[in-house]
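For reference, the structure is listed below as structure tokens.
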Amino acid sequence: MEGAASAPDTGMAAAPAPAPDSKPFRPEEVRIILESLQQPAVFLNMVSDWPALRWTIEHLSQVLHGKELTFRMGKRKTNKAPQFETHCDYIQATLQEFLVWLHGETSSSPGPFGPFPRSQYWAYADYKYIAVTFEDNAELFQDVIWSDFGFPGRDGRESTLWIGSEAANTPCHLDSYGCNLVFQVQGRKRWHLFPPEDTSFLYPTRIPYEESSVFSSVNIVNPDLERFPRFSRVRPYVVTLSAGEVLFVPRHWWHYVESLDPVTISINSWIELGEDDEARVGEALTRTVVCALKSTDHSTDTASWLNATEDAVTSYESNLRYVNLALQACLGKAKTSPPGSREGRGQWTHASPAQPKKRKGDPGAGGQRDLAEPRDANDANVCFGPNLVPVRQEEAAASAEVIVSGDHPADSSLEANQQNLHCQPNPASGDGTPMSTDELINCLVHPDVIHLMTEILLDRHRSH
């Protein structure tokens with residue numbers, strides 16, 4: 001049935017391609033910019049000659065001709081709780097079937113999308129490793145040219161593909177490893193980004209569990225401010241990305257992403273950083289605690305807390321081995337670094353990136369955006385302009401109570417620390433209801449706690 005479905009109006013198509021010699025930055029210049037940026041920024045007119053600009057939904061449906069992908073099906077209408085990936089349905093379908101569903105065509109055999117009316121559901125084929133998805137079309141790896149951004153040899157093999165319908169979204173989270181470059185191929189996506197210092201306002205949780213992803217307990221587009229009052233203090237950085245744009249997401253920036261057009265296609269690559277060695281120790285500790293506690297919690301089934309991206313619950317012995325391997329790798333790298341070296345702290349590595357994890361891109365030649373003020377001194381050294389635009393921070397709502405934590409005297413009491421770590425009992429449990437396993441986990445593996453545990457472990461082993 002290849003070619004049987006006519007395509008719907010899929011919003012913004014791939015960007016028109018200006019002359020290939022019109023790139024505003026050389027690769028070595030982009031690399032310097034990325035090493036200096038401390039806030040999200042959008043690159044324009046950098047990918048006009050990338051063959052991947054042709055990767056529209058129609059083109060990919062022909063290239064993959066009948067290959068099934070996993071689609072995550074989510075509800076368009078949700079309440080004030082985040083729609084985590086564990087709350088979604090999953091189906092296997094081809095891109096041709098996806099196009100038929102988008103176009104609203106019906107037949108005697110509705111196929112895998114049959115139970116999911118388009119008016120009520122969105123579809124997302126997310127986290128698709130290009131090296132696996134296109135294993136029979138290896139020549140397409142070269143269509144993605146991250147060497148233009150200062151990373152020689154990096155292409156589609158170190159990238160992931162994201163194909164979604166309107167309203168498809170990624171829950172608000174931060175990535176534990178690396179930073180992120182996202183190339184938007186088709187359609188528009190809106191990004192809501194929050195700096196690392198907003199972590200306590202976003203109520204971090206490791207349930208559902210996924211290695212290297214720390215989720216927010218808040219539905220940021222429909223927040224429950226009675227349950228999560230500190231969320232009112234955030235001021236997100238918001239940008240709508242169109243085909244042909246490339247977004248840079250710095251390390252540990254929170255992000256929520258939603259598709260705005262009938263079809264959106266993105267390609268991203270996670271860039272490994274020196275800090276990732278310590279982060280892997282922290283992630284190994286987190287996995288050990290989460291799996292140990294949830295494996296003995298018989299009140300829930302595994303599918304309710306383990307993300308679909310995880311293969312299985314790993315044993316305590318395996319997790320302890322993972323902790324030791326991560327420790328040895330981190331300490332071994334420190335021993336081989338020359339005295340006074342900054343390697344491992346804010347430095348780019350030349351190894352293959354951590355396994356990809358998501359994002360998107362920009363419109364053709366000459367797209368123009370309003371400029372924002374740089375976030376800090378490092379960004380002040382970056383030459384923003386029509387081809388490199390910082391993501392703008394939203395104005396604070398006039399009615400919102402914005403409290404800067406630094407304005408208050410330090411309080412070392414247990415109660416104060418519980419508030420900062422979001423370890424206080426669930427507001428709904430104020431009548432003395434016992435703490436749940438998930439509440440206990442979120443205290444024990446809070447990012448600040450894991451960071452401290454990692455430092456203690458590394459210090460102990462360095463002294464041996």
Side-chain angles (χ1 to χ4, degrees), residues 78-87 171-174 176 198-220 222-234 254 281-307 310 312-316 319-320 322-323 403 405 408 410-457:
T78 61
N79 54 28
K80 291 192 173 184
Q83 188 171 192
F84 290 125
E85 293 160 52
T86 50
H87 301 163
C172 186
H173 69 285
L174 69 78
S176 302
D198 279 356
T199 292
S200 65
F201 304 150
L202 290 161
Y203 299 81
T205 179
R206 295 311 298 259
I207 303 296
Y209 175 75
E210 174 183 277
E211 184 182 355
S212 80
S213 292
V214 183
F215 292 101
S216 169
S217 302
V218 185
N219 178 350
I220 68 144
N222 186 22
D224 184 346
L225 294 180
E226 289 188 5
R227 186 177 181 190
F228 306 111
R230 291 198 304 278
F231 181 75
S232 64
R233 305 180 193 178
V234 303
W254 294 82
V281 178
E283 283 300 304
L285 291 170
T286 298
R287 178 185 288 272
T288 301
V289 173
V290 172
C291 290
L293 290 177
K294 291 301 289 185
S295 295
T296 59
D297 180 6
H298 303 298
S299 64
T300 58
D301 59 66
T302 301
S304 68
W305 64 269
L306 190 69
N307 244 16
E310 295 291 321
V313 180
T314 44
S315 67
Y316 176 77
N319 292 331
L320 190 60
Y322 183 20
V323 171
I403 302 174
S405 59
H408 302 277
D411 186 347
S412 60
S413 67
L414 176 61
E415 180 180 358
N417 284 317
Q418 287 176 333
Q419 292 289 333
N420 289 334
L421 295 178
H422 186 217
C423 288
Q424 69 273 25
N426 187 316
S429 304
D431 58 356
T433 303
M435 176 182 286
S436 68
T437 301
D438 289 359
E439 287 179 276
L440 178 59
I441 286 173
N442 284 332
C443 290
L444 293 176
V445 298
H446 185 282
D448 291 345
V449 175
I450 289 296
H451 176 73
L452 181 59
M453 290 172 62
T454 300
E455 292 298 318
I456 291 172
L457 264 180

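Position 1 is the first residue of the sequence, and the numbers go up from there.
- The shortest non-hydrogen separation linking Asn219 to Pro82 is N-CG, 3.7 Å.
- With Lys294 as the fixed residue, the side chain to side chain contact (heavy atoms under 4.5 Å, CB included) test singles out one of Val289, Ile441, Leu306, Thr302: Ile441.
- With contacts defined as side-chain heavy-atom distances shorter than 4.5 Å, the pair Val323/Leu285 qualifies.
- Judged by distance alone, with hydrogens and angles left aside, the side-chain atoms of Ser213 form no donor-acceptor pair with the main-chain N or O of Glu210 at under 3.5 Å.
- Between the side chain of Ser304 and the backbone N or O of Thr300 there is no donor-acceptor pair closer than 3.5 Å.
- Closest of all the heavy-atom pairs between Val218 and Pro223 is CG1-CB, 3.8 Å.
- Minimum heavy-atom separation, Ser232 to Pro229: OG-O, 2.8 Å.
- Side-chain N or O atoms of Tyr203 include one that pairs as donor or acceptor with a backbone N or O of Arg230 at under 3.5 Å.
- Here the two rings, on Phe84 and Phe215, have centers that are under 6.0 Å apart.
- In this structure a side-chain-to-backbone donor-acceptor pair under 3.5 Å is missing from Glu211 to Glu283.
- Closest of all the heavy-atom pairs between Asn442 and Arg206 is OD1-N, 3.1 Å.
- In terms of modelled atom types and a separation under 3.5 Å, the side chain of Thr296 and the main chain of Leu293 share a donor-acceptor contact.
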Q | Worked check of side chain to side chain contact (heavy atoms under 4.5 Å, CB included) between Val214 and Ser176 | A | CA-CA 7 Å; Val214 183; Ser176 302; 4.1 Å; yes
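- Although no hydrogens or angles enter the test, the distance criterion places no donor-acceptor pair under 3.5 Å between the side chain of Asp198 and the main chain of Phe201.
- Counting heavy atoms from C-beta on, the side chains of Thr288 and Leu320 never come closer than 4.5 Å.
- Between Trp305 and Val290 there is a side-chain heavy-atom pair separated by less than 4.5 Å.
- Formation of a donor-acceptor pair under 3.5 Å by the Asn319 side chain with backbone atoms of Thr314 is found in this model.
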Q) Could you walk me through whether Asn307 and Tyr209 pass the side chain to side chain contact (heavy atoms under 4.5 Å, CB included) check? A) CA-CA 6 Å; Asn307 244 16; Tyr209 175 75; over 6 Å; no
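- In terms of modelled atom types and a separation under 3.5 Å, the side chain of Ser216 and the main chain of Leu202 share a donor-acceptor contact.
- Looking at Glu439, its side chain does come within 3.5 Å of a backbone N or O of Ser436 through a donor-acceptor pair.
- Atom OH in Tyr322 sits 14.0 Å away from atom OG in Ser315 (nearest 0.5 Å).
- Counting only heavy atoms from C-beta outward, the side chains of Asn222 and Asn79 never approach each other to under 4.5 Å.
- Residue Val313 comes nearest to Ser295 through the heavy atom pair CG1-OG, 3.5 Å, listed as atom of the first residue, atom of the second, then distance.
- The main-chain N or O of Pro171 is found under 3.5 Å from a side-chain atom of His173 such that the two form a donor-acceptor pair.
- Of the charged side-chain nitrogens involved, at least one lies within less than 4.0 Å of a carboxylate oxygen, so that Arg287 and Glu310 count as a salt-bridged pair.
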Q: Show your reasoning for whether side chain to side chain donor-acceptor pair (under 3.5 Å) applies to Trp254 and Thr199.
A: CA-CA 8 Å; Trp254 294 82; Thr199 292; 3.0 Å; yes
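- For the atom pair Thr205 OG1 and Asp438 CG, the distance stands at 7.0 Å (nearest 0.5 Å).
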